Peer 1: 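Dropping the structure in here first, questions after.
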Amino acid sequence: MAEQDGRKEPLITEITPKSEDFSRWYTDLVRRAELADYSPVKGCMVIRPYGYAIWEFIQRGLDSRIKATGHVNAYFPLFIPKSLLVKEAEHVEGFAPQVAWVTRGGTEELEEPLVVRPTSEAIIGTMYAKWIQSWRDLPVLINQWANIVRWEKVTRLFLRTTEFLWQEGHTAHETAEEAEAETLMILRLYKEFVETELAVPVIAGRKSASEQFAGAERTYSIEALMGDGRALQAGTSHNLGQNFAKAFDIQFQARDKSLQYIWGTSWGMTTRLVGAVIMVHGDESGLVLPPRIAPYQVVIVPIPRGNWRETVLPHAQQIRDTLTAAGVRVMLDDRDAYTPGWKFSEWELRGVPLRLEVGPKDIERQQAVLARRDTREKIPTPVSGLAGRVQELLDAIQRNLFERALAFQREHTTRTSSWDEFTRTLEGRPGFVVSPWCGSEACEAEIKGLTQATIRTLPMDAEPSGAPCVKCGQPSVADAWFAKAY
RNA sequence: CGGGGCGUAGCGCAGCCCGGUAGCGCACCUGCCUUGGGCGCAGGGGGUCGCUGGUUCAAAUCCAGUCGCCCCGACCA
């Protein structure tokens, strides 16, 4: 690897190189950067402060958007009585293999077992039935931030854990059109959020029937491409039709005096997004965090010389105060125990977007040296006007990360109507393959069996090519985005 | 749930074949020296060798069982 082309070895030796084993690189990085750690409970992880801070910025950005579109937050219970979960037939069937049961309380056997929520349609639907009487009560637009338990067989830090954190919106509407409009509005909101805040480009579209949410009428999702060429579902928005309304008896009296079932939606995004950020932007040296969700946007590393605490440190502190006052999240790393070189590597590994070095030479020249995490460029910058320059650079980094990820996604998207090229492209982990599909579930399953690739999404806005199905040659209904998925 | 591998210090490993005082690197602690890309030197702390049983004068090492974890395939946000 590195020594062969004469360059020095990577500085970070504790982390498996990304090029060598992506999956190990990911796990090493999550643990070494102190985002999360395995817990004594099988399949569950501990989100450590640095990782949780990222989640908090994700929450903040998403929560404000959800509220800006007229939704309000509430909280529903963790436990759901068995009898409620089984009311919607497809829903139970979909979740039954994945739920955790509570059968005892203290020393007593429970009359009715409880499930720990795998999602909250059942409990929320039950409450909506009580709260909704009239068309005047609609729409109901509620979101909750909560934890969820799904008994997965195989788990991975952030991507799939037994317990995870998420946001779940549940809405009730007067008409089918309104519910569909809500579902699509949230899908657009998710796309805008992920692309703006996380700098992760996504494909928005509809799920095929086989990938649909248990109990939904129509499921939409946003799909992102990870650095190893596998796709990750980053958010889902479901149009529930009247399925849950009928199962939970959520009825209202309409304007024409008739009794009607409400039209429902539900939608969610999870802590998995943290995993997406790591896998989309990370590099051989570690994390690369988009400035908008970085716990620290700038880390100041003072260069110690002689009695640096008297000479250098005051300058560093003043720069910190200036940047903080300008609204920048700053960390001044004034620890004595580590050398500057060590700190450089450490904060790169943790993905801090900008590093600011101040040493005796800089003080003489009334400057500081800025170093970009994304391009590794070193930029000597005058102390006057520093805050403005830092803001500009943070914006530039945010944009560059998105552009870079978008270019990667495009380079790893193949369009073909040839089965031969389809299978050839899908050997290895090449990204998306966009191909005409006949709409048959059997055909989809056959493709999955032969290539491991599944239909990630059926984009709504794209014009179908009209070519025959890549597998069976029947007339196609859409150009489907295939990929191997997480 | 099927196939393969591994459990020895906080982490990564050696020792096991051939039984005889438990070791290395990193991390950690103390002191000095350094500090513009993971400094150096000296000293130090830490392990019932996954668990249970057996063989033996003696077990990390041999035997049997058991538990746990990881990787590859089927299920999943």
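Bear in mind the structure is a predicted one, so any value in this text is a computation, not a measurement. As a basis for the values below, the full set of heavy atoms in this structure was taken, side chains included, without hydrogen atoms, waters or symmetry mates. By convention in this document, chain letters (A, B, ...) are assigned in the order of the sequence lines, proteins followed by strands, and residues within each chain are numbered from 1.
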Peer 1: Under the side chain to side chain donor-acceptor pair (under 3.5 Å) rule, collect the residues that match up with Q144(A), sequence neighbours excluded.
Peer 2: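 With sequence neighbours excluded, Q144(A) shows a side chain to side chain donor-acceptor pair (under 3.5 Å) to S120(A), E168(A), given in chain and number order.
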
Peer 1: Take atom CZ of F213(A) and atom C1' of rC76(B), then tell me their distance rounded to the nearest Å.
Peer 2: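 Distance, rounded to whole Å: 13 Å.
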
Peer 1: Closer to the 5' end of RNA chain B via nearest nucleotide, is it R31(A) or A371(A)?
Peer 2: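 Final value for this comparison: R31(A).
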
Peer 1: How close or far is atom C1' of rC1(B) from atom CD of Q98(A), stated in whole angstroms?
Peer 2: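 After rounding, the reported distance stands at 16 Å.
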
Peer 1: If I pick the P atom on rA22(B) and the same atom on rU61(B), what distance separates them, to the nearest angstrom?
Peer 2: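 To the nearest whole Å, 13 Å.
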
Peer 1: Would you measure the distance from the P atom in rG5(B) across to the matching atom in rG10(B) and give it in whole Å?
Peer 2: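 The answer is 28 Å between these two P atoms.
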
Peer 1: Considering only the P atoms, how many Å lie between rG3(B) and rA74(B), rounded to the nearest integer?
Peer 2: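 Approximately 16 Å lies between the P atom of rG3(B) and that of rA74(B).
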
Peer 1: Could you state the CD-C1' distance from Q452(A) to rC72(B), rounded to the nearest angstrom?
Peer 2: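 Atom-to-atom, Q452(A) to rC72(B), this comes out as 10 Å.
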
Peer 1: Between C1' on rG37(B) and CH2 on W347(A), what's the gap in Å once rounded to a whole number?
Peer 2: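 Going from W347(A) (CH2) to rG37(B) (C1'), I get 16 Å.
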
Peer 1: Ring centres under 6.0 Å, that's the criterion: do F244(A) and Y128(A) meet it?
Peer 2: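 No.
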
Peer 1: Can you tell me the distance, in whole Å, between the CZ atom of R309(A) and the P atom of rU35(B)?
Peer 2: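 The distance from CZ of R309(A) to P of rU35(B) comes to 16 Å, rounded to the nearest Å.
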
Peer 1: Using the P atom as the reference point in each nucleotide, state the distance between rC13(B) and rC71(B) in Å, no decimals.
Peer 2: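 Per the computed distance, 13 Å lies between those P atoms.
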
Peer 1: Roughly how many Å apart are rC62(B) and rG19(B), using the P atom of each and rounding to a whole number?
Peer 2: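 Looking at atom P only, rG19(B) and rC62(B) are 9 Å apart.
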
Peer 1: For D333(A) and rG38(B), give me the distance from atom CG to atom P, rounded to whole Å.
Peer 2: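 Roughly 16 Å, once rounded to whole Å.
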
Peer 1: What residues, two or more places apart in sequence or in another chain, satisfy salt bridge (charged side-chain N to carboxylate O under 4.0 Å, His left out) together with R31(A)?
Peer 2: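 For R31(A) the salt bridge (charged side-chain N to carboxylate O under 4.0 Å, His left out) partners, ignoring immediate neighbours, are D37(A).
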
Peer 1: On RNA chain B, compare the nucleotides closest to L232(A) and T155(A); which residue's is nearer the 5' end?
Peer 2: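 The 5'-side residue here is T155(A).
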
Peer 1: When the C1' atoms of rG46(B) and rC29(B) are considered, how many whole Å apart are they?
Peer 2: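 rG46(B) and rC29(B) have their C1' atoms separated by 10 Å.
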
Peer 1: What integer distance in Å separates R355(A):CZ from rG38(B):P?
Peer 2: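 That distance rounds to 12 Å.
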
Peer 1: When the C1' atoms of rA27(B) and rC70(B) are considered, how many whole Å apart are they?
Peer 2: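 Pairwise C1' distance, rA27(B) against rC70(B), rounds to 23 Å.
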
Peer 1: Mind checking the C1' distance from rU55(B) to rG4(B)? Whole angstroms is fine.
Peer 2: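 rU55(B) and rG4(B) have their C1' atoms separated by 30 Å.
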
Peer 1: Round to the nearest Å and state the distance from E34(A) atom CD to rC11(B) atom C1'.
Peer 2: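 Interatomic distance, CD of E34(A) to C1' of rC11(B): 13 Å.
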
Peer 1: Under the salt bridge (Lys or Arg N to Asp or Glu O under 4.0 Å) test against E197(A), which residue among R60(A), K191(A), R65(A) passes?
Peer 2: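 Among the candidates, only R65(A) passes.
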
Peer 1: Verify, without hydrogens or angle tests, whether D283(A) (side chain) and G286(A) (backbone) share a donor-acceptor contact under 3.5 angstrom.
Peer 2: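 Answer holds: yes.
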
